[in-house]
Trainee: 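Here it is, the structure, as structure tokens.
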Amino acid sequence: MAKCAMGKMRRKGLAIMAAQSVATSANASAAAGSVDLGPATGLSCRECGTRFELGPVFACVECFGPLEVAYELPAGDPEALRAAIEAGPNNIWRYAPLLPVPADVASKPSLNPGFTKLVDARNLAKELGVTGKLYVKDDSGNPTHSFKDRVVAIAVEAARAFGYTTLSCSSTGNLAGAVGAAAARAGFRSCVFIPHDLEQGKVVMAGVYGGDLVGIEGNYDDVNRFCSELIGDPLGEGWGFVNVNLRPYYGEGSKTLAYEICEQLGWRLPDQIVIPIASGSQLTKIDKGLQELIKLGLVEDKPYKIFGAQAEGCSPVSTAFKAGHDVVRPQKPNTIAKSLAIGNPADGPYVLDIARRTGGFVEDVNDEQVVEAIRILAQTEGIFAETAGGVTVGVTKKLIENGQLDPSLTTVVLNTGDGLKTLEAVSGTGQTATIRPSLDAFRAAGLA
């Protein structure tokens, strides 16, 4: 399909949200005039380039395209900037000069996520037949045990700047917990919305922080539509929806994964990176972060490939990629990987663009392969991944087997959450044996 036709379809899908965005931004126009979000200078349409002032606006009124944060990034000596970053705190605020946050952000109440481990996964590499370097960026080490703490931390600063009093979101689980925890720490009220049938571990974690947790009958796309309606209603006045009206700022948190990976590799780009796809925002922002590091001279400019990973039961982007399409057609999710179960991913078309531009691929695996990959990662590297991590490792294995990912190159695989949140996926795992407390019983069990 021609590029212009693809753009029209994207814009049509964003039209309703754009109208709501304008109404919301009008309520905060006074606050927007005095906003301090550090190097952020405004918002820019990803489709037509139209510029807007900083505010809770997430879609272009000219073409209905999505908005991104525009910056005046630091200029000058890359070595000095590297040194300043390395001297910063061991969390995402070390990158404050590259994020839409005030300069004093590190002094404010925050969960201070980030700077999670980049694990040299030698055992996993051997298991998968990787001869080059293989790393797992393990974001289960964040405060609420998922990468969502990164994006929420940035959204909280935007919510402060725009005078919001309630934090909210539509969520497949991890985001609900991250918003609840961040709101509690920062002194906001929270009210978050989830599909009614989420994994129990995620429900408990999202509810324990004391905010309101509301189950919506339906899937994530139903939840997201409801939140879009609430933004346009007086009931939603004063509410900052981190992944809707604060989405341009929220999305920038994913860039910190790119920054950390490159810094932890000795300020080098990885050759290949495998990223799970839900909305697709994480993948697009990681690419944006890599491009910014190149532009700033913090890493050497060289080719890299980005691969996207989906579950077969919710694989609209991989289906479009393998069919050679530019339009991502919605699907009804049916997979154990519920954190990735977004049937109509907002950034899906941009994921296609990036995978093709970098020479990568978008692949999917079935639920059995997801569970197998969770076990492989746990048994080789001692990392218990949630189902999204199983998708990413499973896709990595499949890409290697199909010859689409070069096993001789430096590859980074993302694990975005903790397996304790999705215990149901590996519910068959249990005791090897049950014995009486004696050596004879131990010998009889054949375990000696």
Side-chain angles (χ1 to χ4, degrees), residues 6-7 9-11 13-14 17 45-47 58-59 64-69 139 146-148 150-151 154-155 169-175 219-221 223-224 242-244 246-258 273-291 305-323 325-331 333 335 337-358 360-365 387-389 391-392 395 413-414 416-417:
M6 175 179 65
M9 292 194 70
R10 293 179 191 171
R11 293 193 290 270
L14 288 165
M17 290 194 297
C45 177
R46 203 185 304 184
E47 289 286 351
F58 61 99
F64 310 122
L67 301 184
E68 289 192 317
V69 179
D139 244 24
S146 91
F147 90 96
K148 293 295 188 180
R150 297 174 182 272
V151 291
I154 306 297
C169 68
S170 52
S171 173
T172 57
N174 283 326
L175 182 57
N219 59 32
Y220 173 80
D221 297 299
V223 179
N224 202 36
V242 300
N243 56 341
V244 189
L246 297 178
R247 188 175 182 84
Y249 313 95
Y250 158 94
E252 294 295 283
S254 290
K255 295 193 310 182
T256 61
L257 279 161
I273 183 167
V274 187
I275 304 169
I277 298 170
S279 71
S281 176
Q282 183 185 65
L283 187 149
T284 62
K285 292 304 187 292
I286 287 175
D287 179 65
K288 184 180 180 184
L290 298 177
Q291 290 296 311
K305 293 183 179 182
I306 290 184
F307 297 84
Q310 292 202 289
E312 184 180 282
C314 185
S315 53
V317 185
S318 68
T319 298
F321 184 91
K322 288 186 277 189
H325 296 160
D326 291 325
V327 174
V328 176
R329 300 190 182 282
Q331 295 182 357
T335 173
K338 294 183 180 180
S339 60
L340 303 183
I342 297 180
N344 188 18
D347 277 26
Y350 302 105
V351 169
L352 297 176
D353 294 344
I354 290 168
R356 288 165 179 156
R357 170 173 58 79
T358 64
F361 201 86
V362 185
E363 187 55 272
D364 56 80
V365 286
T387 48
V391 169
T392 312
V395 163
V413 177
L414 266 60
T416 53

Trainee: Which atom pair, heavy atoms only, marks the closest approach of K288 to V69?
Mentor: NZ-O, 3.2 Å
Trainee: Have a look at V395 and tell me which of I277, V365, V362 forms a side chain to side chain contact (heavy atoms under 4.5 Å, CB included) with it.
Mentor: V365
Trainee: Could you tell me which non-hydrogen atom of A278 sits nearest to which non-hydrogen atom of P345, and how far apart they are?
Mentor: O-CB, 3.3 Å
Trainee: Between T284 and D347, is there a side-chain donor-acceptor contact under 3.5 Å, judged purely by atom types and distance?
Mentor: yes
Trainee: Taking the basic N atoms (NZ, or NE/NH1/NH2) and the acidic carboxylate oxygens, is any pair closer than 4.0 Å for D287 and K255?
Mentor: no
Trainee: For L67 and C45, work out which heavy atoms get closest and say how close.
Mentor: CD2-CA, 3.6 Å
Trainee: With the side chain counted from C-beta on, respond yes when P333 and Y220 share a heavy-atom pair under 4.5 Å apart, and no when they do not.
Mentor: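 Of all side-chain heavy-atom pairs linking Y220 with P333, none is under 4.5 Å.
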Trainee: Within the 4.5 Å heavy-atom criterion, are F361 and K322 side-chain neighbours or not?
Mentor: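 The answer is yes; the side chains approach within 4.5 Å.
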Trainee: When rounded to the nearest 0.5 angstrom, what distance separates CZ in F321 from CG in D326?
Mentor: 11.0 Å
Trainee: Within a strict 4.5 Å, meaning less than it, do heavy atoms of the E252 and S281 side chains meet?
Mentor: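 They are not in contact (no side-chain heavy atoms under 4.5 Å apart), so the answer is no.
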Trainee: Do V223 and N219 have side chains that get closer than 4.5 Å, going by heavy atoms?
Mentor: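 Not touching, per the 4.5 Å side-chain cut-off.
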Trainee: Is any side-chain heavy atom of Q310 closer than 4.5 Å to one of E363?
Mentor: no
Trainee: Give the intermediate values and the outcome of salt bridge (Lys or Arg N to Asp or Glu O under 4.0 Å) for residues D139 and K148.
Mentor: CA-CA 9 Å; D139 244 24; K148 293 295 188 180; over 6 Å; no
Trainee: Between T319 and Q331, is there a side-chain donor-acceptor contact under 3.5 Å, judged purely by atom types and distance?
Mentor: yes
Trainee: Tell me, do T256 and I154 make a side-chain contact under 4.5 Å, heavy atoms counted?
Mentor: no
Trainee: So, does S146 use its side chain to make a donor-acceptor pair with the main chain of G417 at under 3.5 Å?
Mentor: no
Trainee: Taking atom NZ of K305 as the centre, does the number of heavy atoms from other residues, nucleotides or ligands within less than 6.0 Å exceed 12?
Mentor: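 No - once you tally the heavy atoms of other residues, nucleotides and ligands closer than 6.0 Å, there are 12 at most.
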Trainee: Kindly give the heavy-atom pair with the smallest separation between A311 and D364, and that separation in Å.
Mentor: C-CB, 4.0 Å
Trainee: Can you measure from OH (Y250) to SG (C169) and round to the nearest 0.5 angstrom?
Mentor: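 Those atoms lie 7.5 Å apart.
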Trainee: Would you call D353-R46 a salt bridge at under 4.0 Å N-O?
Mentor: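 Not counted as a salt bridge, because no side-chain N and carboxylate O are separated by less than 4.0 Å.
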Trainee: So, for D221 and G343, which heavy atoms are closest and what is the spacing to 0.1 Å?
Mentor: OD2-N, 3.0 Å
Trainee: Evaluate side-chain contact (heavy atoms from CB on, under 4.5 Å) for V151 paired with V242, printing each intermediate quantity in order.
Mentor: CA-CA 8 Å; V151 291; V242 300; over 6 Å; no
Trainee: Please tell me if the side chains of V327 and P349 come closer than 4.5 Å, counting only heavy atoms from C-beta onward.
Mentor: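 No, too far: nothing below the 4.5 Å cut-off.
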Trainee: Atom OG1 of T358 and atom CZ of F307: how far apart are they, to the nearest 0.5 Å?
Mentor: 7.0 Å
Trainee: Which heavy atom of T335 sits nearest a heavy atom of G313, and at what distance?
Mentor: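 Shortest heavy-atom contact: CB-CA, 4.0 Å.
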Trainee: Could you grab the distance from atom CG of L414 to atom CD1 of I275, nearest 0.5 Å is fine?
Mentor: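 One finds 6.0 Å between CG of L414 and CD1 of I275.
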Trainee: Nearest 0.5 angstrom please: C314 SG to I342 CD1, how far?
Mentor: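 Rounded to the nearest 0.5 Å, the SG-CD1 separation comes out at 7.5 Å.
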Trainee: Measure the spacing between OG of S170 and CG of L175 and express it to the nearest 0.5 Å.
Mentor: 7.5 Å
Trainee: Could you walk me through whether Q282 and L257 pass the side-chain contact (heavy atoms from CB on, under 4.5 Å) check?
Mentor: CA-CA 9 Å; Q282 183 185 65; L257 279 161; 3.5 Å; yes
Trainee: Taking C-beta and beyond as the side chain, do S254 and F147 meet within less than 4.5 Å on heavy atoms?
Mentor: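 Yes. Closest side-chain heavy atoms under 4.5 Å.
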